[in-house]
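This structure is a prediction, so every number in the text was calculated from the model and none was measured.
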Amino acid sequence: PFFGSFRFPFESNGTHGIHLRNGASSNVLGDNHSFLDLHLSTQPNGAGVLIEGMGTDNNVILGNQIGTDHGFSQPAMELEVGIHIRNGPTGNIIGRPGQFSQIPITFDTFRPYNSIVNCTRAGIVIENASSNLVQNNLIGEITGEINPPVIDPNGVGILFTGGATRNVIGGGRQGDGNLIARNTRAGIKFENNIVPDRADANLILNNIIRHTGSEAGAISDPLVDTPTGCAFLFTGTSRNNLAGTGITTPNILTNNTVGAYFEATEANEVVGNFIQSNSVAGVIIRGGTNNFVGRSVADLANQILGLSL
């Protein structure tokens, strides 16, 4: 079935806005056109959309405002998570291809992306789930510019945890990438996410991750504590959560506190990215082993620069 709605005042929807479970599959939440999208509000400890359980597969979430209203003029009730995929779902798609920077935000525009803000834990959480796709979304920054004063960023843009594998954030074509910006603690965080084999790695391709931590206040000492504002944050994670695969699919990590931060991690990779203009450091490895930052193949080198875009 198709789920769409006209705009209406925000009220609480209980624990979650929409809950897909028990094999719910091939549903579409939202639409390409703004007058048929969803504006999701829920309790502070819930998710805008929760996709849960084995067999809850192949659903599509596109064109929605999660954590704000249609005109970005007021926040919804503060969420814990915007979209949460957990405990077995596969093949779900958040967003659709389409160059976000070329799509004006108007009433009747074709708009495949989701805007996700105002989530205390994370805009998107992928937990113990495999082979899901997140592409062409605005996560933390809703208009491609500085957020309106009433809009708060997310704590983390996208969080992987609990054994998430083979998921793709972004993609190999123009318009597949996400804009992940102005989130407080991290743009993309891998937390206690153990991947069994390199073939099961999550792929992070063609995204722009910027201004992470810009609204977080004072910066802690990154050599002593995990700082706020990391574009990539790896903590308690092992075995090759890949970030970038070469010059054709680089992530751009710019104007964050730290580009990539490794803490107590093993065998993860950050290759083929542009890492530049981050205020404290491009890359910090603190207590990690066998991690790779770049490879000997030219296409897999990172470009770590001090110049602005």
**Student:** Do I285 and V293 have side chains that get closer than 4.5 Å, going by heavy atoms?
**Tutor:** yes
**Student:** Do the side chain of N193 and the main chain of S238 share a donor and acceptor less than 3.5 angstrom apart?
**Tutor:** no
**Student:** Could you give the distance from OG1 (T56) to CZ (R21), rounded to the nearest 0.5 Å?
**Tutor:** 8.5 Å
**Student:** L138 versus N114: any side-chain heavy-atom pair under 4.5 Å?
**Tutor:** no
**Student:** Side chain to side chain contact (heavy atoms under 4.5 Å, CB included) with N87: which residues, sequence neighbours excluded?
**Tutor:** E52, N128
**Student:** Under a 4.5 Å cut-off applied to non-hydrogen side-chain atoms, are N59 and I93 in contact?
**Tutor:** no
**Student:** Within the side chain of N255, is there an N or O that forms a donor-acceptor pair under 3.5 Å with the backbone of H211?
**Tutor:** no
**Student:** Is there a side-chain contact (heavy atoms from CB on, under 4.5 Å) between V60 and R96 once you walk through the steps?
**Tutor:** CA-CA 9 Å; V60 177; R96 281 284 179 84; 3.7 Å; yes
**Student:** Kindly indicate whether the side chain of I188, heavy atoms from C-beta on, has any atom under 4.5 Å from the side chain of I209.
**Tutor:** yes
**Student:** Sequence neighbours excluded, which residues qualify as side-chain hydrogen bond (donor to acceptor under 3.5 Å, both in side chains) partners of E127?
**Tutor:** H84
**Student:** Looking only at non-hydrogen atoms, find the nearest pair between G55 and S25 and report the distance.
**Tutor:** O-CB, 4.1 Å
**Student:** Measure the CD1-CG distance between I66 and N137 for me, rounded to the nearest 0.5 Å.
**Tutor:** 8.5 Å
**Student:** Is there a path of hydrophobic side-chain contacts, each under 4.5 Å between heavy atoms, that joins F262 and I304?
**Tutor:** yes
**Student:** So R198 and E269, side-chain contact (heavy atoms from CB on, under 4.5 Å) or not? Walk me through it.
**Tutor:** CA-CA 10 Å; R198 190 177 189 275; E269 295 193 13; 3.4 Å; yes
**Student:** Looking just at side-chain N and O atoms, do S130 and T90 make a donor-acceptor pair shorter than 3.5 Å?
**Tutor:** no
**Student:** When you measure from the side chain of T161 to the backbone N and O of E191, does any donor-acceptor pair fall under 3.5 Å?
**Tutor:** yes
**Student:** Which pairs, with at least one residue in residues 171-199 and sequence neighbours excluded, count as a ring pair (Phe, Tyr, Trp, His ring centres under 6.0 Å)?
**Tutor:** F160-F190, F190-F234
**Student:** Just jot down the side-chain hydrogen bond (donor to acceptor under 3.5 Å, both in side chains) partners of R121, sequence neighbours excluded, or say none.
**Tutor:** none
**Student:** So does G171 get a backbone contact from the side chain of N206, meaning a donor-acceptor N/O pair under 3.5 Å?
**Tutor:** yes
**Student:** Step by step, work out the side-chain contact (heavy atoms from CB on, under 4.5 Å) result for L253 and V258.
**Tutor:** CA-CA 9 Å; L253 317 181; V258 178; over 6 Å; no
**Student:** Is a donor on one side and an acceptor on the other found under 3.5 Å between the side chain of N251 and the backbone of N273?
**Tutor:** no
**Student:** So do V134 and N167 actually touch side chain to side chain, heavy atoms under 4.5 Å?
**Tutor:** no
**Student:** Do V283 and I275 have side-chain heavy atoms sitting under 4.5 Å apart?
**Tutor:** yes
**Student:** Do you know which two heavy atoms are closest between K189 and V156, and how far apart they sit?
**Tutor:** CB-CG1, 3.9 Å
**Student:** Is a side-chain donor or acceptor of H16 paired with a backbone partner of A47 at a separation under 3.5 angstrom?
**Tutor:** yes
**Student:** Do T235 and T226 have side chains that approach each other closer than 4.5 Å (heavy atoms only, starting at C-beta)?
**Tutor:** no
**Student:** Under 3.5 Å, side chain of T254 to main-chain N/O of I252, donor-acceptor pair present?
**Tutor:** no
**Student:** Heavy atoms only: give me the nearest R239-N268 pair and the separation to one decimal.
**Tutor:** N-OD1, 4.0 Å
**Student:** Between the side chain of T257 and the main-chain N/O of T228, is any donor-acceptor distance below 3.5 Å?
**Tutor:** yes
**Student:** Listed by chain and number, what are the side-chain hydrogen bond (donor to acceptor under 3.5 Å, both in side chains) partners of T249, not counting sequence neighbours?
**Tutor:** T245
**Student:** Quick one: pull up CD1 in I83 and CD1 in I94 and give me the separation to the nearest 0.5 Å.
**Tutor:** 4.0 Å
**Student:** Given side-chain contact (heavy atoms from CB on, under 4.5 Å), test V195 with N202 step by step and report yes or no.
**Tutor:** CA-CA 9 Å; V195 175; N202 300 289; 4.3 Å; yes
**Student:** Quick one: closest heavy-atom pair of I169 and N207, and the distance?
**Tutor:** O-ND2, 3.0 Å
**Student:** Check side chain to side chain contact (heavy atoms under 4.5 Å, CB included) between C119 and all other residues, then give those that pass, not counting sequence neighbours.
**Tutor:** L79, I116, N154
**Student:** Which residues satisfy the side chain to side chain contact (heavy atoms under 4.5 Å, CB included) test with A129, sequence neighbours excluded?
**Tutor:** I85, P89, I126, N132
**Student:** For R286, what residues pass the salt bridge (Lys or Arg N to Asp or Glu O under 4.0 Å) criterion, not counting sequence neighbours?
**Tutor:** E263
**Student:** Under the rule for side chain to side chain contact (heavy atoms under 4.5 Å, CB included), what residues qualify as partners of A281, not counting sequence neighbours?
**Tutor:** I284
**Student:** Does L62 share a hydrophobic cluster with V168, counting links as ILVMFWY side-chain heavy atoms below 4.5 Å and allowing steps through other members?
**Tutor:** yes
**Student:** Could I get the full list of side-chain hydrogen bond (donor to acceptor under 3.5 Å, both in side chains) partners for R166, not counting sequence neighbours?
**Tutor:** D200
**Student:** Looking at R86 and L50, what are the two nearest heavy atoms and their distance?
**Tutor:** NH2-CD2, 3.7 Å
**Student:** By the definition side-chain contact (heavy atoms from CB on, under 4.5 Å), identify the one residue from I51, I61, N92 that meets it with L20.
**Tutor:** I51
**Student:** Over all heavy atoms of both residues, which pair between T184 and P153 is shortest? Give the atoms and the distance, please.
**Tutor:** OG1-CG, 3.8 Å
**Student:** Can any side-chain N or O of N302 pair as donor or acceptor with the backbone N or O of V270 at less than 3.5 Å?
**Tutor:** yes
**Student:** Could you check whether any side-chain heavy atom of P196 comes within less than 4.5 Å of a side-chain heavy atom of T165, counting everything from C-beta outward?
**Tutor:** yes
**Student:** So, the side chain of N178 versus the backbone of N136: is there a donor-acceptor pair under 3.5 Å, distance only?
**Tutor:** yes
